[in-house]
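Contents: one structure, followed by commentary.
What you see below is based on every heavy atom in this structure, not just the backbone, and it leaves out hydrogens, waters and symmetry mates.
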Amino acid sequence: MNDPSAILRTLIIYAVCAPAAVFIGYLLANPLDYSTVALYGILALVLVSPLLLRWHHWVLLLSWTWYMNLFFLKGSPPPWLAMTVISLLISVLQRTLSRQSQFIRVPEITLPLIILAVVVLGTAKLTGGFGLRMLGNDVYGGKKYVLIIGAILGYFALTALRIPPGRARLAMALFFLGGISAIIGELSLVLPSGFNLLFWFFSPDSYASSMDVSGRLLVTRYSYAVPFAIATTSYMLAYYGIRGIFLARKPWRCIIFGLSSLAGLLGGFRGFAGSLVLVFLIQFFLEGMHRTKLLPVFGMLGVAATLLIIPLTPSLPLSAQRALAFLPLPVDPDAERDATDSWEWRTKMWQALLPQIPQHLLLGKGCSFSADDYQFMGQNAFHSVDAGQQSLALSNDYHNGWLSVLLLFGIWGMIAFVWFGVAAIHVLYCNYRYGDASLRTANAFLLASFVVKFLLFMSVSGTGLHGDLYFFVGWLGLGVSLNGGVCHPPALQPDAAPKPDVLTRPFPRPRPVFQR
């Protein structure tokens, strides 16, 4: 009771907490504005800082696939971007204080990412700057630069620590199942108004409707279903694998996987159905199931499912029929028309943009665009005659991966990105081939999904480098962190020392001769 140090600590705590409580109470009495919310966020960050110092890497894994926005920060960034900055700063601080804290070094990935960052920053500098409108600039598009650079930094934040082998399942659950949060925003239709604060973080506008020229509603697409399906199927393929889902004598796994796949079709995205089939086929071969008797069994099941879905297609929701419109199935005319119009619109925009490639081959056009272009987009530019002047084209959203890289960052950005993609596939393949046996299923899924996403990005899919790079570095960073770097073939163990050959055997030393 009379310990002077304890009394001093108590006085210091009171001296800090009492004025802080008075100041916060004063702010609560004022109207809620941005500065007040920002101060609350800083105070909350200070309060949870002890937890972040210990669990920042796990929080980063959890936030990577969450579908929410931090509305109290400028620009409403996604949580993975904010956690990248926090986790990387903590990792650098720990590395500075302790030599035992080392980043996982993968030079074949670090070099292309650094070159890509230099190309992006150089292009931004030479084409009008970052253009952060939220900071009062007259140029738009700077958020895409922030997302690209943040994704590159996110790789180093993910690979700052190795995930312990015994925690691999927890890491995969945190990383993949975060996509289920996309359905939280839809709970606004059933929850009372007392939960409105929750929907400030989770936006409920997850519907996309398509109309024809007369204004008639064609297809309503439930966008939140796709992240939910990707999260569930990705976790099951990464942890259980195809063998564990279909051959473990646990039918509930097959049921959950099948229902999740069907739920993803409600989003109406043809890329989801195609990518899921490709990932399944590649992982089927990576698990070595094509060398077993299961190959004809799965082949017959695939044929039976195809024959079964043909008569059931007209009974599916229109959004699911739209997702299957690329197959020769009897889909509804409205769903087929909506899918066809979307494809024709994209091809017209790409054809109008292709002549611009030579002009921006050495120096890309960058992500920024002027206020005049922004005003033009607001004047019904989407239906302009020139497809290259449509609103999405003016805002550099080309719905094509390689075209967005080549036009925005020139040939140098394309070289750096392709270099990164090829090196990442090599790293993931080495981890799959030579990694620990307990991680073989996870490494097979990461390799299959990365290859499919990279091929689709370099062909006719992709939202752009700003929207897809975080996927590439996230999947790659998880694989590197799980395996502790790049796995290599085990060194050849030296055999037992061979017996010397007769021809190479040294002559025996002569015995000394003693004379009497």
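For the pair L456 and S275, the minimum side-chain heavy-atom distance is below 4.5 Å. Residues W58 and L170 form a side-chain contact, since some pair of their non-hydrogen atoms from C-beta on lies under 4.5 Å apart. Annotation: side chain of V85 is not in contact with side chain of L153 (no heavy-atom distance under 4.5 Å). Contact annotation: the side chain of R162 never approaches that of H57 to less than 4.5 Å [non-hydrogen atoms, C-beta and beyond]. Contact of the V480 side chain with the I109 side chain is not registered, since no non-hydrogen atoms from C-beta on lie closer than 4.5 Å. Between Q356 and L407 there is a side-chain heavy-atom pair separated by less than 4.5 Å. The side-chain heavy atoms of T441 and R243, taken from C-beta on, include no pair separated by under 4.5 Å. A heavy-atom distance below 4.5 Å is not found between the side chains of L476 and F472.
The backbone N or O of T65 sits nowhere less than 3.5 Å from a side-chain atom of W80 that would complete a donor-acceptor pair. Distance alone, capped at 3.5 Å, is enough to place a donor-acceptor pair between the R440 side chain and the Y432 backbone. Of the possible polar contacts, none joining the S481 side chain to the G477 backbone as a donor-acceptor pair under 3.5 Å is found. S234 contributes no side-chain N or O that, together with a main-chain N or O of A231, makes up a donor-acceptor pair within less than 3.5 Å.
Here CG of L276 is found 9.5 Å from CG of L281. Values are rounded to the nearest 0.5 Å. Distance NZ/K144 to OG/S404: 9.0 Å, rounded to 0.5 Å. Here the straight-line distance linking atom CD1 of I180 with atom CD1 of I230 works out to 12.0 Å at 0.5 Å rounding. Residue T127 holds its OG1 atom at 10.5 Å from NZ of K365, rounded to the nearest 0.5 Å. Rounding to the nearest 0.5 Å gives a distance of 5.0 Å between CD1 of I357 and CG of L354. Rounded to the nearest 0.5 Å, atoms CE (M236) and CG (L177) are 10.5 Å apart.
In this structure S449 satisfies the side chain to side chain donor-acceptor pair (under 3.5 Å) test together with W475, sequence neighbours excluded. Residues passing the side-chain contact (heavy atoms from CB on, under 4.5 Å) test with L60 are S63, W64, M83, T84, S87, A157, L158, sequence neighbours excluded. Annotation: ring pair (Phe, Tyr, Trp, His ring centres under 6.0 Å) contacts of Y240 (sequence neighbours excluded): none. N431 pairs by the side chain to side chain donor-acceptor pair (under 3.5 Å) definition with nothing, not counting sequence neighbours. Residues satisfying the side-chain contact (heavy atoms from CB on, under 4.5 Å) criterion with W412, sequence neighbours excluded, are V119, L362, I415. Listed by chain and residue number, nothing satisfies the ring pair (Phe, Tyr, Trp, His ring centres under 6.0 Å) test with Y434 (two or more places apart in sequence, or in another chain). Not counting sequence neighbours, the partners of A238 by the side-chain contact (heavy atoms from CB on, under 4.5 Å) test are M172, F176, F445. For F156, there are no ring pair (Phe, Tyr, Trp, His ring centres under 6.0 Å) partners, not counting sequence neighbours. Applying the side-chain contact (heavy atoms from CB on, under 4.5 Å) criterion to F103, with sequence neighbours excluded, gives L88, S91, V92, R95, A160.
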Distance-only check: which donor-acceptor pairs under 3.5 Å involve side-chain atoms of residues 295-305, not counting sequence neighbours?
none

In a table with atom names and distances, give each donor-acceptor pair under 3.5 Å that connects a side chain of residues 252-267 to protein atoms at least two apart or in another chain.
| residue | atom | partner | partner atom | Å |
| --- | --- | --- | --- | --- |
| R253 | NH1 | G244 | O | 2.8 |
| S260 | OG | I256 | O | 2.8 |
| S261 | OG | F257 | O | 2.8 |

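What you find for P112 and A416 is that their closest heavy atoms are CB-O, 4.0 Å. Between L116 and L465, the closest heavy-atom pair is CD1-CD2, 4.4 Å. Nearest heavy atoms, Q283 versus G241: NE2-CA, 3.8 Å. The shortest non-hydrogen separation linking F450 to A424 is CZ-CB, 3.4 Å. In terms of heavy atoms, L403 sits closest to N400 at N-OD1, 3.1 Å. V331 and L324 get closest at one heavy-atom pair: CG1-O, 4.3 Å.
Screening residues 414-429 for side-chain hydrogen bond (donor to acceptor under 3.5 Å, both in side chains), with sequence neighbours left out, gives Y429-R433.
Outside the 6.0 Å centre-distance limit, the rings of F417 and F409 are not counted as a close aromatic pair. In this structure, the ring of Y155 has its center no less than 6.0 angstrom from the ring center of F420.
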Does the pair V106 and T159 meet the rule for a side chain to side chain contact (heavy atoms under 4.5 Å, CB included), with working shown?
-> CA-CA 9 Å; V106 186; T159 58; over 6 Å; no
Begin from the C-alpha positions of L89 and L93 and carry the test side chain to side chain contact (heavy atoms under 4.5 Å, CB included) through to its verdict.
-> CA-CA 6 Å; L89 289 177; L93 180 62; over 6 Å; no
Begin from the C-alpha positions of L408 and H466 and carry the test side chain to side chain contact (heavy atoms under 4.5 Å, CB included) through to its verdict.
-> CA-CA 11 Å; L408 298 184; H466 66 281; 5.6 Å; no
Passes side chain to side chain contact (heavy atoms under 4.5 Å, CB included), L406 versus L361? Steps please.
-> CA-CA 7 Å; L406 194 58; L361 191 61; 4.2 Å; yes
